[in-house]
Amino acid sequence: MSSRVFNFSPGPAMLPEPVIQQMQTELLDYRGLGMSVMEMSHRGKDFVALTQRCESLLRDILAIPDEYALLYMTGGASGQYAAIPFNLLKGRTSAAYVDTGAWSRKAIAEAERYTEVHIAAKSTAQLPDAYHVRGDEAYLHYVDNETIHGVEYVHPPTETGLPLIADMSSNLLSKPLDVSSFDMFYAGTQKNLGIAGLTLVVIRRDCLGFAHPLTPSIMNYQVMADSHSLYNTAPTFPWYALACSAEWVAREGGLAEMDRRAKWRSAALYRYIDQSDFYRNDVCKAARSRMNVVFTLPDPQLEQIFVAEAAKVGLVNLKGHRSVGGIRASLYNSMPEEAIEALLTFMQAFEDKYQ
Ligand code: PMP
């Protein structure tokens, strides 16, 4: 596969090569059935067997206790920003939200359409050092990894005592978790979990059944749990890609190994940035993301040249998010060590040339 580049896209993102190869091998004839996964009924026994295999893999990898249900939904994490207040306000009139960046604020803006939002903490380029809640809010929502700003939690903010809900869109399956800390967490599948089109929701079963009566059925967690997420025609191929990705994570050594690799990759990059006068990362060290390393150059024009020259040597999608500019290297589970070595070599040469 010599034509493949190192793709630093924030998502949809690079997939592990063995995952793509498996999908290619099985594409025309899925396990002797004479058809691809894309052509199978979502309610047929073969697809249902696939979903069961997927679920037992995810339960093993994430150590998810039986008291938690897994839901496979559509609408992305953005859909969950609405589904959460619909399902989890439980008759209360407010919810608490942490604001650590752009995705936090999207979640807040959506929740404000349905309930009163209390901002428990707000911080930029660092994690909050205190949380202020009244105590009667329905839950505390936070974003475990801010994909645009490169800010990541090390430990979930459990100290408020409120039921905890986490957006883990950009770091789920990259580190071990204590599932019991959460009432619910969720992620779109287009980063560490496969391809775009599916959203994984992990929710404690005693949180089901509280949906507001006007909740659309497709967003109702109880409806989704009761139907094994087959309430409507499920996105079968993304579900298959999730199963293949989960299998790959398990084969590679599970979440401890994913975490080790993520720390190695990001530490190598931060170390280089910190010793340089040319590149700069302003995120407080304790909050630096292992998944999305953001940095700036001395001027925005140089950043454009950096992105263009990097692409010429097969290092693509390094442009920062349009709202913040700069450079962003997204380093999900699939990113090999050689990509970091290639990026560092390029960064050194670029610095020597333009400094
Ligand atoms: N939350 C986070 C942390 C994200 O990174 C993203 C997507 N980049 C979203 C939410 C939105 O996800 P979706 O596009 O799947 O709705």
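Each ligand, and each atom within it, is numbered from 1 in the order the structure gives. We use all heavy atoms of the structure for the numbers below, so side chains are in, but hydrogens, waters and symmetry mates are not.
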Trace of the side chain to side chain donor-acceptor pair (under 3.5 Å) decision for T345 with Q348: CA-CA 5 Å; T345 304; Q348 177 76 67; over 6 Å; no
Closest protein heavy atom (residue, atom, distance) for atom 12 (O) of ligand 1: A77 CB, 3.5 Å
Closest protein heavy atom to atom 16 (O) of ligand 1, given as residue, atom name and distance to 0.1 Å: S78 OG, 2.6 Å
Cluster overlap V293 with Y279, hydrophobic side-chain contacts below 4.5 Å: yes
Same apolar cluster: V294 and L344, side chain cutoff 4.5 Å: no
Heteroatom proximity flag, N145 to ligand 1, N/O under 3.5 Å: no
CD1 on I20 to CH2 on W248, rounded to 0.5 Å: 11.5 Å
Ligand 1-proximal atoms of Y186, by part, heavy-atom distance under 4.0 Å: neither
I273-V283 co-clustered via ILVMFWY side chain contacts under 4.5 Å: no
Close N or O approach (G79, ligand 1; < 3.5 Å): no
Residue pair L255 / V249: nearest heavy atoms and the distance that separates them: CD2-CG1, 4.2 Å
Protein heavy-atom partner closest to atom 14 (O) of ligand 1 - residue, atom, separation in Å: Q190 NE2, 3.7 Å
Residue and atom name of the nearest protein heavy atom (relative to atom 1 (N) of ligand 1), distance in Å to one decimal: D167 OD2, 2.7 Å
Candidate pair L331 and L269, rule side-chain contact (heavy atoms from CB on, under 4.5 Å), full reasoning: CA-CA 10 Å; L331 315 173; L269 215 44; 4.0 Å; yes
Heavy atom of the protein closest to atom 10 (C) of ligand 1 (residue, atom name, distance): Y81 OH, 3.0 Å
Minimum-distance protein heavy atom relative to atom 11 (C) of ligand 1: W103 CZ3, 3.4 Å
Spacing of CD belonging to E309 relative to CG belonging to L302, to within rounding of 0.5 Å: 9.5 Å
L172 with M291, same ILVMFWY side-chain cluster at under 4.5 Å: no
Residue and atom name of the nearest protein heavy atom (relative to atom 8 (N) of ligand 1), distance in Å to one decimal: K191 NZ, 2.9 Å
Taking atom 3 (C) of ligand 1 as the reference point, the nearest protein heavy atom with its distance: T147 OG1, 3.3 Å
Where ligand 1 meets S169 - atom numbers and elements under 4.0 angstrom, heavy-atom basis: 1 (N), 2 (C), 3 (C), 4 (C), 10 (C)
Element-labelled atoms of ligand 1 that are located less than 4.0 Å from some non-hydrogen atom of G76: 15 (O), 16 (O)
